[in-house]
*Asks:* 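One structure coming up, written as C-alpha cells, with questions to follow.
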Amino acid sequence: MFTTSPLKRLRQSSWMEAIPDTIDVPALSDRPNRAVPIERATVDDIEFALVALARQQSELYRLAGALGDVLKMARRQGACGADIAISAAVRDLEGGK
C-alpha cells in the first residue's frame, strides 16, 4: 500500500519535480480550451498541451533570436548602456554610423 499520491511519488524524482498542478489544453473542434488538473489529465490532454507548448517554445525562440540580433547589431555600432538599441541596429543594417 502506498502512503503518498502517484503525483507526489513522481515529483519526488529530481527530474520530475516540475510537473505542474494543472495543464492548459487548447480548444479542439467544439471543445473550448480548459485547465485540467494533472492528476485527471488523459494522455490526449497531455499530448495537446505539449503541441501548444511547442508552439509557444518556437515563438519564444524566434523572439530571443530577434532580440539577440538587435543587440549584436547595436554593439557593432558601439552602442552601450542607455543608448537606444533599435536606432543603433538600424545604423548597422544600413551599413554605417
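These numbers come from a predicted model, not from an experiment.
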*Asks:* If the test is side-chain contact (heavy atoms from CB on, under 4.5 Å), which one of D92, D83, V90, L93 qualifies with Q77?
*Replies:* D92

*Asks:* Within a strict 4.5 Å, meaning less than it, do heavy atoms of the T22 and I38 side chains meet?
*Replies:* no

*Asks:* Would a single hydrophobic cluster contain both I46 and V25, if residues Ile, Leu, Val, Met, Phe, Trp and Tyr are joined by side-chain heavy-atom contacts under 4.5 Å?
*Replies:* yes

*Asks:* About how many Å separate CZ of R91 and CZ of R76, when rounded to the nearest 0.5 Å?
*Replies:* 12.5 Å

*Asks:* Does atom CG of L63 have more than 12 heavy-atom neighbours from other groups under 6.0 Å away?
*Replies:* yes

*Asks:* State, to 0.1 Å, how close A88 and A79 come at their nearest heavy-atom pair, and which atoms those are.
*Replies:* CB-CB, 3.6 Å

*Asks:* Checking R11 now: which residues fulfil side-chain hydrogen bond (donor to acceptor under 3.5 Å, both in side chains) with it, not counting sequence neighbours?
*Replies:* D21

*Asks:* Would you compute the distance between atom CE of M16 and atom CG of L10 and round it to the nearest 0.5 angstrom?
*Replies:* 4.5 Å

*Asks:* According to the side chain to side chain donor-acceptor pair (under 3.5 Å) rule, which pairs have a member within residues 45-58, sequence neighbours left out?
*Replies:* R34-D45, T42-D45

*Asks:* Strictly distance-based, threshold 3.5 Å: is any side-chain N or O of S5 a donor or acceptor partner for the main-chain N or O of K8?
*Replies:* yes

*Asks:* Could you measure the distance from the CG atom of L50 to the CD1 atom of I23? Nearest 0.5 Å is fine.
*Replies:* 8.0 Å

*Asks:* Do the side chains of L7 and I19 get nearer than 4.5 Å, heavy atoms only?
*Replies:* yes

*Asks:* Share the residues that join V70 in a hydrophobic cluster, the rule being Ile, Leu, Val, Met, Phe, Trp or Tyr side chains under 4.5 Å apart at the heavy-atom level.
*Replies:* I86

*Asks:* Would you call V36 and D24 a side-chain contact if the rule is heavy atoms closer than 4.5 Å?
*Replies:* no

